[in-house]
Amino acid sequence: MDQIDYKIHIDKVIERIEKARISVSEHHIVKIVAVSKYSDADAVRALYEIGQRAFGENRVQDLAAKSEALDDLPLEWHFIGNLQKNKINQLIGLNPFLFQSLDSLELAEALQQRLFSRGDYTMECLLQVNAAKEATKSGVMPEEAKDIYQQITESCPNIRLKGVMTIGAHTDDEKVVRDSFEKTRAIYDSLEGATVCSMGMSGDFELAIRCGSNMVRLGSIMFPEA
Ligand SMILES: *Cc1c(COP(=O)(O)O)cnc(C)c1O
């Protein structure tokens, strides 16, 4: 795809987001995080050149490699993957804009301890909710999410919780997917001071937006050639 075709493709994605967004409210703002995990640094640069600024990676080593290869650009990097404890220090060193996949109190406590001991750093994070209670997914159980969110807020001063993230239920049954998004949105609405409700991927972002998402994480649809 040349640059003009690519721009047309991305404009179509943005149009679909706009339609879903307006159906919620004209004042409802949705941010796109382009998930570059299937793509290389050149593809990120091409998307940057047509206006995209926020990018997401799900492996710490890939985030390190791409953010280093592209450190001449003013990009905003999101970490959206499973964080192993032995990668905490590396992630802190990369200073991501938002760590979206904080998925347990235990991980929060380990992260808090390292943030403090390595120089009183802070990190903005989202609590990942396993809204559909799938064994293959990480995240806190929906009924515990509010308590855990509050516990992290109280006991982890170097972690700045900004809201919640979920991955929609893995099924073709739209009702089940909708239910997982609505559950997450209800948790988000119950949290004091939360500003980010991150839900929706290439296959379900319009539904997620209609359920109240204000941040979508789009991979394959933003990088169609990967
Ligand atoms: C890969 C990934 C995405 C993007 O997936 P697509 O279906 O390609 O849009 C979004 N969120 C998370 C957590 C991911 O791992």
Residue pair [X] / [Y]: nearest heavy atoms and the distance that separates them:
X	Y	answer
R185	M199	CB-CE, 4.1 Å
I159	C125	CG2-SG, 3.9 Å
V129	T166	O-OG1, 2.7 Å
D103	S138	OD2-CB, 3.2 Å
A54	I32	CB-O, 3.7 Å
A34	L47	CB-CD2, 3.7 Å

**OP:** Quickly, which of R53, K31, Q52 forms a side chain to side chain donor-acceptor pair (under 3.5 Å) with E76? Name it, please.
**Re:**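 With E76 as partner, side chain to side chain donor-acceptor pair (under 3.5 Å) holds for just one option, K31.
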Subject >> Other residues, nucleotides, ligands: >12 heavy atoms within 6.0 Å of E143 CD >> reply: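 Yes.
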Original post:
With a cut-off of 6.0 Å (strictly less than), are more than 12 heavy atoms of other residues, nucleotides or ligands near CG of D172?
Top reply: no
**OP:** List for me each residue that meets side chain to side chain donor-acceptor pair (under 3.5 Å) alongside K7, sequence neighbours excluded, and say none if there are none.
**Re:**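 If we apply the side chain to side chain donor-acceptor pair (under 3.5 Å) test to K7, skipping adjacent residues, the hits are D11.
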Original post:
Which residues pass the side chain to side chain donor-acceptor pair (under 3.5 Å) test with S202, sequence neighbours left out?
Top reply: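 Here the qualifying residues are S220.
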Original post:
Checking side-chain contact (heavy atoms from CB on, under 4.5 Å) for the pair Q128/I167: CA distance, chi angles, key distance, verdict?
Top reply: CA-CA 8 Å; Q128 183 173 352; I167 298 172; 3.9 Å; yes
Subject >> All pairs passing side chain to side chain donor-acceptor pair (under 3.5 Å) where residues 204-213 contributes a residue, at least two apart >> reply: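 Residue pairs with at least one partner in residues 204-213: R16-E206.
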**OP:** Using a strict cut-off of less than 4.0 Å between a Lys/Arg side-chain nitrogen and an Asp/Glu carboxylate oxygen, indicate whether R21 and E26 qualify as a salt bridge.
**Re:**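 Looking at E26 together with R21, the answer is no, because their closest N to O distance does not fall below 4.0 Å.
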Original post:
Yes or no on salt bridge (Lys or Arg N to Asp or Glu O under 4.0 Å) for R160 and E124, after CA distance, side-chain angles and deciding distance?
Top reply: CA-CA 5 Å; R160 304 276 153 80; E124 302 210 334; over 6 Å; no
Original post:
What distance do E192 atom CD and K146 atom NZ have between them, rounded to the nearest 0.5 Å?
Top reply: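 Here the rounded value is 8.5 Å.
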Original post:
What is the distance from atom CD1 of I152 to atom CG of L161, rounded to the nearest 0.5 Å?
Top reply: 5.5 Å
Original post:
Listed by chain and number, what are the salt bridge (Lys or Arg N to Asp or Glu O under 4.0 Å) partners of K12, not counting sequence neighbours?
Top reply: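 Not a single residue meets the salt bridge (Lys or Arg N to Asp or Glu O under 4.0 Å) criterion with K12.
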Subject >> Contacts of type ring-ring contact (aromatic ring centres under 6.0 Å, His included), residue Y149, not counting sequence neighbours >> reply: none
Subject >> By ring-ring contact (aromatic ring centres under 6.0 Å, His included) - contacts of Y6 (at least two apart) >> reply: none
Verify same cluster id: [X], [Y] (apolar side-chain graph, 4.5 Å):
X	Y	value
L83	V35	no
L107	Y121	yes
I148	L111	yes
F181	V24	no
L73	F223	yes

Under 4.5 Å between any side-chain heavy atoms of [X] and [Y], yes or no?
X	Y	value
M123	L91	yes
M215	L98	yes
S198	R217	yes
I17	V216	yes
L115	T122	no
E174	L207	yes
F79	F99	yes
V33	L218	no

Under the side-chain contact (heavy atoms from CB on, under 4.5 Å) rule, collect the residues that match up with [X], sequence neighbours excluded.
X	value
H9	M1, V13, I221, P224
N214	H28, Y188, V196, C197
Q84	N86, K87
D42	D40

For residues 59-72, run the donor-acceptor check on the side chains, cut-off 3.5 Å, and write out each pair with its distance to 0.1 Å, sequence neighbours left out.
{"unit_1": "R59", "atom_1": "NE", "unit_2": "D62", "atom_2": "OD2", "d": "3.2"}
{"unit_1": "K66", "atom_1": "NZ", "unit_2": "S36", "atom_2": "O", "d": "2.8"}
{"unit_1": "K66", "atom_1": "NZ", "unit_2": "S39", "atom_2": "O", "d": "2.7"}
{"unit_1": "K66", "atom_1": "NZ", "unit_2": "E57", "atom_2": "OE2", "d": "2.8"}
{"unit_1": "S67", "atom_1": "OG", "unit_2": "L63", "atom_2": "O", "d": "2.7"}
{"unit_1": "S67", "atom_1": "OG", "unit_2": "A64", "atom_2": "O", "d": "3.4"}
{"unit_1": "D72", "atom_1": "OD1", "unit_2": "R45", "atom_2": "NH2", "d": "3.2"}
{"unit_1": "D72", "atom_1": "OD2", "unit_2": "R45", "atom_2": "NH1", "d": "3.0"}

So does [Y] get a backbone contact from the side chain of [X], meaning a donor-acceptor N/O pair under 3.5 Å?
X	Y	value
K133	P142	no
N58	I80	no
N158	Q112	no

**OP:** Check step by step if side-chain contact (heavy atoms from CB on, under 4.5 Å) holds for I209 and V30.
**Re:** CA-CA 8 Å; I209 293 168; V30 177; 4.0 Å; yes
Original post:
Which residues, ordered by chain and number, are linked to I4 in its hydrophobic cluster, where ILVMFWY side chains connect at heavy-atom gaps below 4.5 Å, directly or through other members?
Top reply: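 Other cluster members: I8.
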**OP:** Run the numbers on D173 and V177 for side-chain contact (heavy atoms from CB on, under 4.5 Å), then give the verdict.
**Re:** CA-CA 7 Å; D173 186 343; V177 182; 6.0 Å; no
